[in-house]
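Source: prediction; values computed, not measured.
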Amino acid sequence: QVQLVESGGGLVQAGGSLRLSCATSGRTFSRYAMGWFRQAPGKEREFVAAVRWSGDRTFYADSVKGRFTISWDSPKNTVYLQMNSLTPEDTAVYYCADHNGYGSYYSTPSYDYWGQGTQVTVSS
């Protein structure tokens, strides 16, 4: 059974930082890439960042470039999202997801397995 478990969300003031973690497990795990997405109330789920399993390439949404950093700790089977300079516009539920090896890193249909999400709230 494939499992993705996010943690690290919470309430932070604008300008602050949070680090999200996504612990991964399961026998049939994709080894292509892992991604982070977010969904704000009333909005569609959107791409935030992705990292290839090898860790040699990363991808970011324009809205988070220079502020967020995705990384992959292979021995721990954990992917992280370091979020700095947070703004109220970053408020959302954040999900990690496993890329299925096909399609764009930026698209939700390219990811087969999803975590339950962790809430990030940024106050002004």
Side-chain angles (χ1 to χ4, degrees):
Q1 186 174 358
V2 176
Q3 285 192 325
L4 303 174
V5 181
E6 302 99 334
S7 61
L11 174 64
V12 64
Q13 287 189 331
S17 299
L18 282 174
R19 188 178 80 155
L20 305 183
S21 301
C22 175
T24 70
S25 62
R27 294 182 293 115
T28 58
F29 225 87
S30 162
R31 290 188 172 268
Y32 298 102
M34 293 293 297
W36 283 97
F37 288 75
R38 66 187 181 186
Q39 188 165 19
K43 294 187 177 182
E44 291 191 356
R45 193 168 297 188
E46 65 175 5
F47 171 81
V48 175
V51 59
R52 297 213 304 198
W53 188 273
S54 59
D56 62 339
R57 286 198 65 186
T58 56
F59 308 85
Y60 295 95
D62 288 343
S63 59
V64 306
K65 277 181 183 176
R67 300 188 299 123
F68 290 12
T69 303
I70 189 171
S71 60
W72 172 248
D73 187 332
S74 181
K76 294 184 178 180
N77 282 331
T78 300
V79 61
Y80 301 99
L81 185 68
Q82 177 67 43
M83 306 186 295
N84 299 328
S85 301
L86 286 162
T87 73
E89 288 68 37
D90 295 315
T91 295
V93 177
Y94 284 70
Y95 300 89
C96 66
D98 172 52
H99 193 272
N100 60 23
Y102 302 96
S104 169
Y105 293 113
Y106 301 88
S107 301
T108 54
S110 300
Y111 295 80
D112 285 349
Y113 297 101
W114 295 80
Q116 82 289 350
T118 185
Q119 176 70 47
V120 171
T121 303
V122 184
S123 63
S124 57

For this session: Give a yes or no on whether the backbone of P109 and the side-chain of S107 come within a donor-acceptor separation of less than 3.5 Å.
Result: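 Side chain of S107 to backbone of P109, a donor-acceptor pair under 3.5 Å: no, none is there.
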For this session: Please check if the side chain of T91 supplies one atom and the backbone of V122 the other of a donor-acceptor pair under 3.5 Å.
Result: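 Yes, T91 side chain to V122 backbone: donor-acceptor pair under 3.5 Å.
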For this session: Take M83 and D90 through the test side-chain contact (heavy atoms from CB on, under 4.5 Å) and record every step on the way to the result.
Result: CA-CA 9 Å; M83 306 186 295; D90 295 315; over 6 Å; no
For this session: Report yes if the distance between the aromatic ring centroids of F37 and Y111 is under 6.0 Å, otherwise no.
Result: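 Aromatic pair counts; centres sit under 6.0 Å.
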Problem set entry | Centroid-centroid distance, W36 to F68, less than 6.0 Å |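 W36 vs F68: aromatic centres not under 6.0 Å.
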Exercise. Out of curiosity, does V51 fall in the hydrophobic cluster containing V48 (side-chain heavy atoms, cut-off under 4.5 Å, transitive links)?
Worked result: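 Yes, it is one cluster - the side chains of V48 and V51 are joined through contacts under 4.5 Å.
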Exercise. Do you know the tightest heavy-atom contact between P88 and S123?
Worked result: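 Distance-wise, the nearest heavy atoms are CG-C, 4.5 Å.
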Can you give the donor-acceptor pairs under 3.5 Å from side chains of residues 4-17 to other protein atoms, not counting sequence neighbours?
residue	atom	partner	partner atom	Å
E6	OE1	Q116	N	3.0
E6	OE1	Q116	NE2	3.4
E6	OE1	G117	N	2.9
E6	OE2	C96	N	2.9
E6	OE2	G117	N	3.3
S17	OG	N84	OD1	2.9

For this session: Check whether any side-chain heavy atom of R38 sits under 4.5 Å from a side-chain heavy atom of S63, and report yes or no.
Result: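 Counting from C-beta outward, R38 and S63 do come under 4.5 Å.
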Exercise. Are D98 and W114 close enough that some pair of their side-chain heavy atoms sits under 4.5 Å apart?
Worked result: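 Side chain of D98 against side chain of W114, heavy atoms only: no contact under 4.5 Å found.
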Problem set entry | With D56 via side-chain contact (heavy atoms from CB on, under 4.5 Å) - residues at least two apart |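 For D56 the side-chain contact (heavy atoms from CB on, under 4.5 Å) partners, ignoring immediate neighbours, are R52, S54.
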For this session: Only counting residues at least two apart or in another chain, list the ones meeting side-chain contact (heavy atoms from CB on, under 4.5 Å) with D112.
Result: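 Counting only residues at least two positions away or on another chain, D112 forms a side-chain contact (heavy atoms from CB on, under 4.5 Å) with N100.
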Problem set entry | Aromatic plane relationship, H99 with Y32 - under 30° parallel, 30 to 60° tilted, over 60° perpendicular |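 Plane angle over 60°, so perpendicular.
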